[in-house]
Engineer: 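One structure follows; several queries about it will come next.
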Number of protein chains: 2
Amino acid sequence: MPVTIYDVAREAGVSMATVSRVVNGNPNVKPLTRKKVLAAIERLGYRPNAVARGLASKKTTTVGVIIPDISSLFFSELARGIEDIATMYKYNIILCNSDQRLEKELQLINTLLEKQVDGLLFMGAEIKEDHLQALTSSSVPTVLAATRDADNTLPSVTIDHFQAAYDATKELIDHGHKRIAMITGPMNDPLGGLMRYEGYKQALQDAGLKLDDALVTQGNLFYESGLRATSQFLSLEKRPTAVFAANDEMAIGAIHAAQDAGLKVPDDLEVIGHDNIRLVEMVRPRLTSVVQPMYDIGAVAMRLLTKYMNNEQVDQHVVLLPHRIEYRESTRPRATATS
Amino acid sequence: MPVTIYDVAREAGVSMATVSRVVNGNPNVKPLTRKKVLAAIERLGYRPNAVARGLASKKTTTVGVIIPDISSLFFSELARGIEDIATMYKYNIILCNSDQRLEKELQLINTLLEKQVDGLLFMGAEIKEDHLQALTSSSVPTVLAATRDADNTLPSVTIDHFQAAYDATKELIDHGHKRIAMITGPMNDPLGGLMRYEGYKQALQDAGLKLDDALVTQGNLFYESGLRATSQFLSLEKRPTAVFAANDEMAIGAIHAAQDAGLKVPDDLEVIGHDNIRLVEMVRPRLTSVVQPMYDIGAVAMRLLTKYMNNEQVDQHVVLLPHRIEYRESTRPRATATS
DNA sequence: AAATAAGATGAAAACCATAAAATGGGAAAG
DNA sequence: CTTTCCCATTTTATGGTTTTCATCTTATTT
């Protein structure tokens with residue numbers, strides 16, 4: 001039977017209320033009393049029971065995190081950002097993998113609410129009506145990280161995926177390419193899939209290039225699919241001379257497909273990836289990539305959540321973090337203004 | 001104000017005890033009563049409060065997971081194994097990053113025990129007396145994953161690191177190499193650092209090769225350090241012709257260092273990595289690596305923990321999972337028995 | 001010195017569930 | 001027709017805190 005606050009009270013010759021005050025750093029305690037209590041705590045090896053505390057205070061200092069797959073480089077980086085900030089604000093994290101399966105996501109939301117989390121951080125692709133309903137079925141604050149719902153009902157932290165894809169494509173266009181392929185993400189993902197594709201299309205259109213459906217393939221974000229898509233591109237009669245991939249893993253697949261076909265990157269094929277995961281430094285040539293600041297997205301999302309949990313004023317509930325392109329050797333040196 | 005079990009009881013015209021039974025699937029409830037209760041739950045949108053339940057039942061169905069760094073490919077894979085099995089057994093996971101800092105580790109153990117986790121899963125390098133003491137300061141079952149304490153006091157799940165390193169080195173020896181370099185992990189890590197080094201040494205010794213200190217460098221497990229270590233090796237007068245790296249990231253660094261120096265892998269330099277993380281498929285040439293089944297280690301560790309949490313009989317508290325070498329193109333084809 | 005304010009402490013209720021003990025009704029056993 | 005047993009259910013106690021609210025000290029003001 002573990003030591004309770006009552007035992008400490010008896011040992012110190014005070015009431016439990018006083019012990020509680022000492023433990024919680026309430027200033028209204030005489031120094032001498034505090035000392036006695038602290039001594040008793042030490043002597044007995046008292047360890048507060050957070051469950052009891054949670055029941056009494058209706059706060060668990062725990063937030064639920066629903067993530068598609070923690071073993072993905074992308075999400076694990078995000079998770080680290082979340083956890084770091086959570087720690088900073090004295091929260092713990094219950095981490096759950098959803099594999100982006102709707103049913104599981106809904107069930108997880110429910111489980112986490114049962115566990116009385118103080119807040120919820122949700123990552124996933126599409127946010128459906130079901131999600132919204134489940135997430136608002138209690139008054140627990142929720143923040144979306146690296147995703148958004150269509151109507152911006154919920155607070156969210158993302159980058160501007162349309163613009164990011166636009167910029168990447170524009171960069172390739174500026175390099176003089178006319179045939180630019182794209183390996184998209186799953187199109188049921190409104191941001192990472194659809195939005196990036198839209199940005200690509202828009203950039204082509206603005207440059208007066210016409211979209212060639214043969215140069216667009218939907219990938220599944222994994223290396224293999226980038227490899228496959230690209231070797232298919234390269235088997236075309238009219239090959240692309242540049243590839244924009246919706247994530248880095250596929251982009252690396254693209255590089256290797258080119259190399260396997262005896263082509264040089266970037267000379268014969270330029271490649272731009274997306275996300276700038278740590279992998280980009282571990283390929284030859286190193287991969288030029290659109291920086292999506294995963295860690296920061298996680299960190300900012302968590303910070304935002306703490307504000308909601310503390311009823312702080314929030315002026316912007318939809319946060320767009322800046323993106324940029326990190327240039328490496330999978331693209332040719334940038335055209336500096338020359339004649 | 002949320003709906004409580006009491007509200008449901010009133011609505012259904014029964015006592016809270018009966019509601020509790022229905023919610024917990026206790027069979028001793030008349031079908032009609034169960035139906036009434038279920039209807040009331042539905043009508044009121046009742047959601048059990050897991051904190052209250054935890055206080056009353058002294059079980060939280062939550063386990064604490066202390067991991068060095070979730071953003072590492074190695075550990076995130078492990079974490080996924082843990083989480084999958086946890087889910088299977090209806091547990092949730094509180095995930096904490098320790099960065100392998102002793103102070104933080106101890107503090108996390110304490111926090112998790114305060115939160116009344118039903119079990120603890122610990123990952124880290126060295127297990128010191130402090131750890132043991134903190135981990136046994138309560139009677140919460142603990143399992144070590146991918147690490148062990150020196151005396152095997154605690155249950156653990158690992159592979160045989162000595163043997164794994166021995167095998168990898170032996171493989172290179174069998175390829176006829178006389179100068180085999182090693183990039184070790186941090187030596188304060190008894191398993192991933194020291195043990196692998198010991199295995200390497202033993203293999204050399206058994207083959208009658210003598211250890212050359214110039215061919216051993218301590219790395220920090222990151223890509224860069226593999227890159228640096230190898231380019232240093234290659235600047236030696238008497239170059240190594242093969243490299244064994246204590247993890248894959250460093251091994252990939254080794255490959256690139258060789259390539260940057262104009263050498264061919266595996267023709268001029270054979271490289272073997274360790275862990276077989278997903279990255280090994282994303283380099284050219286693809287990396288031969290010692291398979292450390294991260295996912296399985298996590299899964300088995302979690303399974304073991306569930307046994308302890310349910311007071312099941314455990315016959316082996318120190319589990320060694322099998323390892324093997326996965327051959328790819330960074331090593332030459334294996335010598336099949338020829339003349 | 002009296003009145004008042006402020007600070008320190010304690011007693012008891014509340015938090016929401018589970019667990020153990022008690023109750024009542026009906027069936028089987030004697 | 002009791003007695004015993006079983007089943008479904010209720011009653012009561014319990015878990016370990018925090019949180020009012022009341023009380024008692026002590027300090028401050030006039």
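Below, chains carry the letters A, B, ... as their sequence lines are ordered, and counting in each starts from 1.
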Engineer: Looking at the side chain of A:T4, which of D:dG16, D:dT9, C:dA17 is the nearest nucleotide?
Structural biologist: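 Nearest listed nucleotide: D:dG16.
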
Engineer: Under 3.5 Å, sequence neighbours excluded: what are the donor-acceptor pairs made by side chains of residues 140-147 of chain B?
Structural biologist:
residue: B:T142; atom: OG1; partner: B:V140; partner atom: O; Å: 3.3
residue: B:T147; atom: OG1; partner: B:G124; partner atom: O; Å: 3.2
residue: B:T147; atom: OG1; partner: B:A125; partner atom: O; Å: 2.8

Engineer: Could you tell me how far apart B:R10 (CZ) and D:dT9 (P) are, to the nearest whole angstrom?
Structural biologist: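 Result: 19 Å.
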
Engineer: From B:M294 CE over to B:S76 OG, what is the distance, rounded to the nearest 0.5 angstrom?
Structural biologist: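 The OG atom of B:S76 is 8.0 Å from CE of B:M294, to the nearest 0.5 Å.
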
Engineer: Quickly work out the A:Y46 OH to D:dG16 C1' distance and round it to whole Å.
Structural biologist: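 To the nearest whole Å, that distance equals 7 Å.
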
Engineer: Which nucleotide in the list D:dT17, D:dG15, D:dA8 gets nearest to the side chain of B:L55?
Structural biologist: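 Given the options D:dT17, D:dG15, D:dA8, the side chain of B:L55 is closest to D:dG15.
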
Engineer: Looking at A:N24, does any N or O in its side chain come under 4.0 Å of the phosphate oxygens OP1/OP2 on D:dT18?
Structural biologist: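 Yes.
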
Engineer: Enumerate all atom pairs, one protein N or O and one N or O from nucleotides 26-28 of chain C, separated by less than 3.5 Å.
Structural biologist:
none

Engineer: Who pairs with A:D84 by salt bridge (charged side-chain N to carboxylate O under 4.0 Å, His left out), at least two apart in sequence or on another chain?
Structural biologist: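 Applying salt bridge (charged side-chain N to carboxylate O under 4.0 Å, His left out) to A:D84 gives A:R80.
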
Engineer: Distance from B:E77 atom CD to B:R278 atom CZ, nearest 0.5 Å?
Structural biologist: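 B:E77 CD to B:R278 CZ: 7.5 Å, rounded to 0.5 Å.
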
Engineer: Whole angstrom is fine here: how far is it from CD1 in B:I5 over to P in D:dT14?
Structural biologist: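 Result: 19 Å.
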
Engineer: Using residues 105-112 of chain A as the side-chain source, report each donor-acceptor pair under 3.5 Å to any protein atom, sequence neighbours left out, with the distance given to one decimal.
Structural biologist:
residue: A:E105; atom: OE1; partner: A:H131; partner atom: NE2; Å: 2.6
residue: A:N110; atom: OD1; partner: B:R47; partner atom: NE; Å: 3.1
residue: A:N110; atom: OD1; partner: B:R47; partner atom: NH2; Å: 3.2
residue: A:T111; atom: OG1; partner: A:Q107; partner atom: O; Å: 3.0

Engineer: Side-chain N or O of A:N28 less than 4.0 angstrom from OP1 or OP2 on C:dG7?
Structural biologist: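 No, outside the criterion.
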
Engineer: Could you tell me the separation between the NZ atom of A:K35 and the P atom of C:dA8, rounded to a whole number of Å?
Structural biologist: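 Computing the A:K35:NZ to C:dA8:P distance gives 17 Å.
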
Engineer: Taking 4.0 Å as the cut-off, does a side-chain nitrogen or oxygen of A:Y6 come that near to OP1 or OP2 on D:dT18?
Structural biologist: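 No, A:Y6 has no side-chain N/O under 4.0 Å of OP1/OP2 on D:dT18.
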
Engineer: Can you list every pair that meets salt bridge (charged side-chain N to carboxylate O under 4.0 Å, His left out) and has a residue in residues 8-19 of chain B, with sequence neighbours left out?
Structural biologist: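 Matches after skipping sequence neighbours: B:D7-B:R10, B:E11-B:R43.
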
Engineer: Can you tell me if A:R53 touches the phosphate of D:dG16, counting only side-chain N or O atoms and a distance under 4.0 Å to OP1 or OP2?
Structural biologist: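 Result: no.
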
Engineer: Does B:S15 place a side-chain N or O at less than 4.0 Å from the phosphate oxygens OP1/OP2 of D:dT10?
Structural biologist: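 Looking at the OP1 and OP2 atoms of D:dT10, one of them is under 4.0 Å from a side-chain N or O of B:S15.
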
Engineer: Expressed as a whole number of angstroms, how long is the span from B:L113:CG to D:dG16:P?
Structural biologist: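 To the nearest whole Å, that distance equals 16 Å.
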
Engineer: Provide the full list of side chain to side chain donor-acceptor pair (under 3.5 Å) pairs with a residue in residues 302-321 of chain B, sequence neighbours left out, each pair given once.
Structural biologist: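 Qualifying pairs, neighbours excluded: B:Y89-B:R303, B:R303-B:T306.
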
Engineer: Can you tell me the distance, in whole Å, between the NZ atom of B:K58 and the P atom of C:dA20?
Structural biologist: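 Result: 11 Å.
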
Engineer: If you restrict it to nitrogen or oxygen atoms, what contacts under 3.5 Å exist between nucleotides 4-6 of chain D and the protein, and what is each distance?
Structural biologist:
none

Engineer: Any chance the side chains of B:T62 and A:K115 put a donor and an acceptor closer than 3.5 Å?
Structural biologist: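 The criterion, which ignores hydrogens and geometry beyond distance, is satisfied for A:K115 and B:T62.
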
Engineer: Check the interface with nucleotides 19-26 of chain D: list each N/O to N/O pair with the protein under 3.5 Å, or write none.
Structural biologist:
none

Engineer: Heavy-atom distance under 4.5 Å between the side chains of A:T158 and A:L320, does that happen here?
Structural biologist: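 Side-chain contact under 4.5 Å: yes.
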
Engineer: Measure the angle between the two terminal helix axes of the helix from C:dA1-D:dT30 to C:dG30-D:dC1, five base pairs each, and quote it to 10°.
Structural biologist: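 If I round to tens, the end axes sit 40° apart.
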
Engineer: List the residues meeting salt bridge (charged side-chain N to carboxylate O under 4.0 Å, His left out) with B:K35, not counting sequence neighbours, and say none if there are none.
Structural biologist: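 Checked B:K35 against salt bridge (charged side-chain N to carboxylate O under 4.0 Å, His left out); zero matches.
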
Engineer: Drop me the distance from B:T4's OG1 to B:Y46's OH, to the nearest 0.5 angstrom.
Structural biologist: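 Between B:T4 OG1 and B:Y46 OH, I get 7.0 Å after rounding to 0.5 Å.
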
Engineer: Under 4.0 Å, heavy atoms only, any strand: does B:V14 hit a base, just the sugar-phosphate, or nothing?
Structural biologist: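 Sugar-phosphate contact only.
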
Engineer: Starting at the 5' end of DNA chain D and moving along, which residue's nearest nucleotide shows up first, B:R34 or A:V23?
Structural biologist: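 By nearest-heavy-atom nucleotide position, the 5'-most residue is B:R34.
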
Engineer: Residues in salt bridge (charged side-chain N to carboxylate O under 4.0 Å, His left out) with B:E42, at least two apart?
Structural biologist: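 Listed in chain order: nothing, the list is empty.
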
Engineer: Does the side chain of B:T18 get closer than 4.0 angstrom to OP1 or OP2 of D:dA8 through an N or O atom?
Structural biologist: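 For D:dA8, neither OP1 nor OP2 has a side-chain N or O of B:T18 closer than 4.0 Å.
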
Engineer: Would you be so kind as to tabulate the donor-acceptor pairs closer than 3.5 Å made by side chains of residues 51-59 of chain A, with sequence neighbours excluded?
Structural biologist:
residue: A:S57; atom: OG; partner: A:R53; partner atom: O; Å: 2.7
residue: A:S57; atom: OG; partner: A:K59; partner atom: N; Å: 3.3
residue: A:S57; atom: OG; partner: A:K59; partner atom: O; Å: 3.4

Engineer: Rounded off to whole Å, could you give me the CG-to-C1' distance for the B:N49 and D:dG15 pair?
Structural biologist: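 Distance check: B:N49 CG to D:dG15 C1' gives 13 Å.
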
Engineer: If you compare all heavy atoms of B:N92 against all heavy atoms of A:C96, which two are closest, and at what distance to 0.1 Å?
Structural biologist: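 Where B:N92 meets A:C96 most closely, the heavy atoms are ND2-SG, 3.9 Å.
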
Engineer: CD of A:Q116 versus P of C:dC15: gap in Å, rounded?
Structural biologist: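 In whole Å, C:dC15 P lies 14 Å from A:Q116 CD.
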
Engineer: Among A:I127, A:V65, A:L154, exactly one meets side chain to side chain contact (heavy atoms under 4.5 Å, CB included) together with A:F122. Which residue is that?
Structural biologist: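 Single pass found, and it is A:I127.
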
